[in-house]
Visitor: 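Quick one: the structure is below, questions incoming.
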Amino acid sequence: MKVDIHTIPVVAVSYNSPELLQGLLSSLRQFYSNPVHVVDGSTPEHVEKIREVAAGFENVALHVMGYNIHHGPGMAWAITELGLSGPVLFLDTDIVIRRDGFLELLAEALQPGDYGAGGVAYVNRDGFDIPYAYGAVPYLHPPCMLCNVEVMRQWPLPIKHGAPMVAPMLALHDAGKSDLLRHLDWCGNDVLMGTKKVYVDHIGQGTSQATGSYNLDEWFAEVRAKQAAQALPPPTGHNPDLLALIPATAKAIVEIGCSTGALAHAVKSSRPGVHYIGVELDPKAAEIAARFCDGVQALDLEATDDSQFRDYASRDCWVFGDVLEHLRDPWKVLQRIRAVLPPGGCVVASIPNVQHWSLQGRLSVGDFRYESGGLLDRTHLRWFTRVTLFELFQSAGFRIEAGVPRIFDEPGREPVLNAIRQMAMAMGRDPEGAVRDALPLQYVVRAVAA
């Protein structure tokens with residue numbers, strides 16, 4: 001987005017931490033003269049010091065709330081009450097700017113109509129960090145994010161929560177609009193405590209350390225109580241087509257990348273006698289998934305030796321829900337599974353289709369940008385079409401016996417499909433076959449021993 005970088009307003013929410021505000025403003029002013037709005041919720045004994053800090057810098061407007069407004073509601077107040085327009089930079093007070101250029105990169109990434117650009121990772125529906133999995137919610141982390149404020153007003157506003165952006169992120173996810181988030185690797189690294197900071201240093205829990213609390217005790221207590229009582233709602237977001245291809249006769253299932261256990265819950269709800277083991281490397285997700293699986297284990301498929309694969313020899317169904325594309329060598333992993341699979345066993349997998357019409361269209365104009373979620377998710381390492389997906393399983397000693405192309409009603413595809421027909425004819429290939437293979441967003445297959 002082409003804007004005058006130095007006119008972009010900055011919003012920071014402050015609470016009882018004048019030294020953090022001093023660090024943010026002094027480091028920002030080394031490189032940028034942008035107008036700054038400080039929304040302050042400090043207690044009376046800290047307000048005067050906050051005023052002194054803000055007054056020490058030009059073009060800084062202090063908005064004293066007179067009560068602890070909290071981070072999320074403070075951002076929401078700025079969005080609705082300050083008359084801001086265009087892109088707005090949100091910074092936590094425990095951010096220190098290391099060098100210039102970061103705002104330019106954020107502005108370059110943010111396109112008209114986008115929600116925001118910054119560090120995007122994944123959370124569950126309660127706002128806790130989890131690794132990518134089917135149904136995981138892309139989450140734009142607020143310590144350093146550039147957002148189109150008009151777009152922000154079209155969605156739920158930030159809330160009082162340990163993850164204050166969870167309300168708008170859930171709404172975007174549920175509406176299929178998480179592609180309005182733009183991830184920048186350096187920002188994800190800097191904001192999420194990467195070991196080598198690039199542009200900004202996020203102290204992390206700076207306000208909590210300075211003030212002794214996030215003042216979110218009631219939220220944490222509520223979450224703990226729900227977990228202790230096992231009253232959390234069952235996780236949602238499993239792939240129904242993946243579920244449908246798991247054989248009704250399967251007695252022992254192992255799901256690689258079980259995340260929060262949504263698929264396990266769906267399977268065991270109708271087949272309580274199934275023994276279901278989840279494999280999950282992320283401990284937070286594993287703790288949640290353990291409520292629905294018969295056990296959750298850690299197994300790095302590409303680091304372990306063959307002996308650990310043999311520990312799973314009794315499993316007659318292996319499930320990979322959007323996992324194979326994340327592996328360095330899915331060919332080898334499937335070969336090792338084939339070696340321990342019992343007679344009648346199978347592998348059920350869902351894999352994105354790199355031949356999808358939207359990717360072909362975007363590639364034709366050079367718009368090949370990694371994203372958070374979707375076909376160009378930044379964590380994907382391998383890419384497959386329908387043809388190469390069959391070759392993947394065949395090379396590992398499997399035969400695909402059932403499959404479902406997942407096709408959705410996607411607006412705007414007809415002009416691109418017509419162009420795909422023309423390309424296929426130019427290549428001497430079947431134009432209608434090329435269109436059929438460009439429609440599925442994803443393939444779900446069940447493979448048995450060849």
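All residue numbers refer to positions in the sequence shown, counting from 1.
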Visitor: Mind checking side chain to side chain donor-acceptor pair (under 3.5 Å) for Asp185 and listing every partner two or more places apart, or none if nothing turns up?
Guide: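 For Asp185 the side chain to side chain donor-acceptor pair (under 3.5 Å) partners, ignoring immediate neighbours, are His183.
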Visitor: Within the 4.5 Å heavy-atom criterion, are Ser33 and Asn59 side-chain neighbours or not?
Guide: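 Ser33 vs Asn59: side chains apart.
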Visitor: Strictly distance-based, threshold 3.5 Å: is any side-chain N or O of Glu414 a donor or acceptor partner for the main-chain N or O of Pro411?
Guide: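 Side chain of Glu414 to backbone of Pro411: no pair is present.
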Visitor: Donor-acceptor pair, Asn148 side chain versus Glu150 backbone, under 3.5 Å?
Guide: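 Judged by distance alone, no pair lies under 3.5 Å.
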Visitor: Sequence neighbours excluded, which residues qualify as side chain to side chain donor-acceptor pair (under 3.5 Å) partners of Asp367?
Guide: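 With neighbours one apart ignored, the set is Arg369.
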Visitor: Are any non-hydrogen side-chain atoms of Leu441 and Glu410 less than 4.5 angstrom apart?
Guide: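 In short, these two side chains touch, coming nearer than 4.5 Å.
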Visitor: Does the side chain of Lys177 reach to within under 4.5 Å of the side chain of Tyr115, using non-hydrogen atoms?
Guide: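 No, side chains not in contact.
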Visitor: List for me each residue that meets ring-ring contact (aromatic ring centres under 6.0 Å, His included) alongside Phe102, sequence neighbours excluded, and say none if there are none.
Guide: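 Expected list: Tyr32.
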Visitor: What residues form a ring-ring contact (aromatic ring centres under 6.0 Å, His included) with Trp318, not counting sequence neighbours?
Guide: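 Partners of Trp318 under the ring-ring contact (aromatic ring centres under 6.0 Å, His included) test: Tyr312.
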Visitor: Among residues at least two apart in sequence or on other chains, which ones pass ring-ring contact (aromatic ring centres under 6.0 Å, His included) with His46?
Guide: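 If we apply the ring-ring contact (aromatic ring centres under 6.0 Å, His included) test to His46, skipping adjacent residues, there are no hits.
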Visitor: Using atom types as modelled, flag every donor-acceptor pair under 3.5 Å from a side chain in residues 151-158 to any protein atom, sequence neighbours excluded.
Guide:
| residue | atom | partner | partner atom | Å |
| --- | --- | --- | --- | --- |
| Arg153 | NE | Ile79 | O | 2.9 |
| Arg153 | NH1 | Leu84 | O | 3.3 |
| Arg153 | NH2 | Ile79 | O | 2.9 |
| Arg153 | NH2 | Leu84 | O | 2.8 |

Visitor: For Leu263, is there any backbone N or O sitting under 3.5 Å from a side-chain donor or acceptor partner on His238?
Guide: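 Absent.
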Visitor: Looking at Asp190 and Val198, would you say the former's side chain and the latter's main chain have a donor-acceptor pair under 3.5 Å?
Guide: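 The answer is yes, because a donor-acceptor pair under 3.5 Å joins these two groups.
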Visitor: Contact between Leu146 and Arg182 at the side-chain level, heavy atoms closer than 4.5 Å - yes or no?
Guide: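 With C-beta onward as the side chain, the pair stays apart.
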Visitor: Is there a side-chain contact between Asp294 and Lys268 (heavy atoms, below 4.5 Å)?
Guide: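 A side-chain contact exists here, since the closest heavy-atom pair is under 4.5 Å.
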Visitor: May I ask you to decide if Pro138's main-chain N or O and His173's side chain share a donor-acceptor pair within less than 3.5 Å?
Guide: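 Flag not set: sc His173 to bb Pro138 has no pair under 3.5 Å.
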Visitor: Looking at Thr379, is its backbone amide N or carbonyl O close enough to the side chain of His326 to form a donor-acceptor pair, meaning the two atoms are under 3.5 Å apart?
Guide: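 Answer holds: yes.
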Visitor: Is the NZ or CZ atom of Arg406 both under 6.0 Å from the centre of the six-membered ring of Tyr443 and within 45° of that ring's axis?
Guide: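 Not flagged: Arg406 not positioned over aromatic ring of Tyr443.
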Visitor: Look at the side chain of Asn16 and the backbone N and O of Thr43, then say whether any donor-acceptor pair between them is shorter than 3.5 Å.
Guide: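 Checked: pair present.
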Visitor: Between Glu280 and Ser259 (side chain of the first, backbone of the second, donor and acceptor by atom type, cut-off under 3.5 Å), is there such a pair?
Guide: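 The answer is yes, because a donor-acceptor pair under 3.5 Å joins these two groups.
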Visitor: What pairs with Arg51 under side chain to side chain contact (heavy atoms under 4.5 Å, CB included), at least two apart in sequence or on another chain?
Guide: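 Checked Arg51 against side chain to side chain contact (heavy atoms under 4.5 Å, CB included); matches are Val47, Glu48, Leu62, Val64.
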Visitor: Who pairs with Ala244 by side chain to side chain contact (heavy atoms under 4.5 Å, CB included), at least two apart in sequence or on another chain?
Guide: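 For Ala244, no residue satisfies side chain to side chain contact (heavy atoms under 4.5 Å, CB included) once neighbours in sequence are set aside.
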Visitor: Using the ring of each side chain (for Trp, its six-membered ring), is His265 parallel, tilted or perpendicular to Phe292, with breaks at 30° and 60°?
Guide: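 Because their plane-to-plane angle is over 60°, the rings of His265 and Phe292 count as perpendicular.
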Visitor: Run the side chain to side chain donor-acceptor pair (under 3.5 Å) test against Thr385 and tell me which residues pass, sequence neighbours left out.
Guide: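 Here the qualifying residues are Thr388.
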Visitor: Do we see a donor-acceptor contact under 3.5 Å between the side chains of Gln442 and Asn239?
Guide: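 The criterion, which ignores hydrogens and geometry beyond distance, is satisfied for Asn239 and Gln442.
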Visitor: Within the distance-only criterion (no hydrogens, no angle test), does the side chain of Asn353 pair as donor or acceptor with the backbone N or O of Pro440 below 3.5 angstrom?
Guide: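 Answer holds: yes.
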Visitor: Would you mind listing every salt bridge (Lys or Arg N to Asp or Glu O under 4.0 Å) that reaches into residues 23-46, with sequence neighbours excluded?
Guide: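 Residue pairs passing salt bridge (Lys or Arg N to Asp or Glu O under 4.0 Å), neighbours aside: none found.
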Visitor: With sequence neighbours excluded, what pairs up with Phe90 under the ring-ring contact (aromatic ring centres under 6.0 Å, His included) test?
Guide: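 Counting only residues at least two positions away or on another chain, Phe90 forms no ring-ring contact (aromatic ring centres under 6.0 Å, His included).
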Visitor: Any non-hydrogen side-chain atom of Leu392 less than 4.5 Å from a side-chain atom of Leu389?
Guide: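 Yes, at least one pair of side-chain atoms sits under 4.5 Å.
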Visitor: For His70 and Gly72, indicate whether the former's side chain and the latter's backbone hold a donor-acceptor pair under 3.5 Å.
Guide: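 Not a single qualifying donor-acceptor pair exists.
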Visitor: Can you find a heavy atom in the side chain of Val88 that is under 4.5 Å from one in the side chain of Cys147?
Guide: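 No, every pair of side-chain atoms sits at 4.5 Å or beyond.
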Visitor: Going by side chain to side chain donor-acceptor pair (under 3.5 Å), name the residues that satisfy it together with Asn34, two or more places apart in sequence or in a different chain.
Guide: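 For Asn34, no residue satisfies side chain to side chain donor-acceptor pair (under 3.5 Å) once neighbours in sequence are set aside.
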Visitor: Less than 3.5 Å apart, any donor N or O on the side chain of His275 or Arg315 sitting next to an acceptor on the other?
Guide: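 Yes - a donor-acceptor pair under 3.5 Å links their side chains.
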